[in-house]
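Counting starts at 1 for both ligands and their atoms, following the listed order. Keep in mind that what you see is a predicted model, and the values were worked out from it rather than measured.
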Amino acid sequence: MGQKGFYFDQTRCTGCRTCSVACSDLHNYAPDIVLRRVIEFEGGTWKVNTNGTCTQNVFAYYTSIGCNECENPVCVKACPTGAHHKRTEDGLVVIDTEKCIGCGMCAKACPYGSPVLDKAAMKMRKCDGCVARTSKGGMPVCVEACPERALEFGDIEELRKKHGNNAAIAPLPDPAETKPCLTIRPCASAKPSGFKGGTAHRF
Ligand code: SF4
Ligand code: SF4
Ligand code: SF4
């Protein structure tokens, strides 16, 4: 099996958050533990021209994000107990809850905000690529739930052949940092990683 990853079609995403809700429904954690977030990124302004007309460059778009199963998993490197690890079979990055001490080092290291602390259990929780399903040939719940078919999961090289290779979309960080197994079809108003003229709202 090759390295698994995600494709996200931003041109299709309506920001409905069905992916996020389906994931939370599957895991049944406390409501503040969200493993797939939908980030709204908005910005721009408008001005009145000398001839009385108006010009605007306002934009808003959504990005659905779980764990990107990175090729350079800084979360794994930061984990002091070896709980956070990358599977050799499929490259999925998962947490061994027996070993996890809830120290939050992985969360501090991850630039995507993927690991979340479960305060009741004092364990980190994170998208694991729905490993229980995908290791048996099934699809992640978030992928199946999306009513717009904006998400795909599979061999990342196959996904890149089909859809191209671009994860450098704001407000996501520069992909050179962790080499995420993620590729995005950007919407028309998408800004590149590092763009400072917008505000991100993470749900
Ligand atoms: S379910 Fe699909 S359309 Fe809705 S927020 Fe998630 S990715 Fe976007
Ligand atoms: S997205 Fe974050 S948690 Fe997932 S593999 Fe990459 S660095 Fe680790
Ligand atoms: S792959 Fe599974 S765990 Fe990860 S965000 Fe989707 S539903 Fe949640």
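Put simply, the side chain of Gln10 gets close to the backbone of Cys187: a donor and an acceptor are under 3.5 Å apart. The closest donor-acceptor contact from the side chain of Asn68 to the backbone of Cys70 lies at 3.5 Å or more, if one exists at all.
Considering only heavy atoms from C-beta on, Thr134 comes within 4.5 Å of Pro140 through its side chain. At least one side-chain heavy atom of Ile184 sits under 4.5 Å from a side-chain heavy atom of Leu172.
For Lys99, the side-chain contact (heavy atoms from CB on, under 4.5 Å) test picks out Thr81, Ala83, Asp96, with sequence neighbours left out.
Other residues, nucleotides and ligands contribute over 12 non-hydrogen atoms within 6.0 Å of the CD atom of Gln56.
Relative ring orientation between Phe195 and Phe59 is described as perpendicular, the plane-to-plane angle rising above 60° on a 0-90° scale split at 30° and 60°.
Taking every non-hydrogen atom of Val74 and a distance limit under 4.0 Å, the qualifying atoms of ligand 2 come out as 7 (S). Listed by number with element, the atoms of ligand 2 under 4.0 angstrom from any heavy atom of Ser114 are 1 (S), 3 (S). The distance from ligand 2 to the heavy atoms of Tyr112 drops below 4.0 Å at these ligand atoms: 1 (S). Taking a cut-off of under 4.0 Å to the non-hydrogen atoms of Cys23, the atoms of ligand 3 that pass are 3 (S), 5 (S), 7 (S), 8 (Fe). Atoms of ligand 3 lying under 4.0 Å from any heavy atom of Phe6, numbered from 1 in the order shown and given with element: 1 (S).
Around atom 4 (Fe) of ligand 1, the protein contributes the following N, O or S atoms at distances under 2.8 Å: Cys16 SG.
Scanning the protein heavy atoms around atom 8 (Fe) of ligand 2, the nearest turns out to be Cys75 SG, 2.2 Å. In terms of protein heavy-atom proximity, atom 2 (Fe) of ligand 2 is nearest to Cys110 SG, 2.3 Å. The nearest protein atom to atom 3 (S) of ligand 2, hydrogens excluded, is given as Lys126 CD, 3.4 Å; this is a heavy-atom distance. Atom 1 (S) of ligand 3 has as its closest protein heavy atom Pro140 CB, 3.4 Å. Considering only non-hydrogen protein atoms, atom 4 (Fe) of ligand 2 sits nearest to Cys67 SG, 2.3 Å.
Of the residues Glu177, Lys77, Lys86, Lys179, the one that meets the side chain to side chain donor-acceptor pair (under 3.5 Å) test with Asn72 is Lys77. Exactly one residue among Arg185, Glu152, Glu158 makes a side chain to side chain donor-acceptor pair (under 3.5 Å) with His163. That residue is Glu152.
By the criterion of a heavy-atom distance under 4.0 Å, both the backbone and the side chain of Asn68 are placed next to ligand 2.
Between Asp118 and Lys123 there is no salt bridge, since no side-chain nitrogen of the basic residue lies less than 4.0 Å from a carboxylate oxygen of the acidic one.
For the pair Arg133 and Phe153, the cation-pi test (distance below 6.0 Å, angle within 45°) is failed.
Considering only non-hydrogen atoms, atom 6 (Fe) of ligand 2 lies nearest to Cys70 out of Pro73, Cys181, Cys70.
Side-chain contact annotation: Thr55 with Asn49, donor-acceptor N/O pair under 3.5 Å present.
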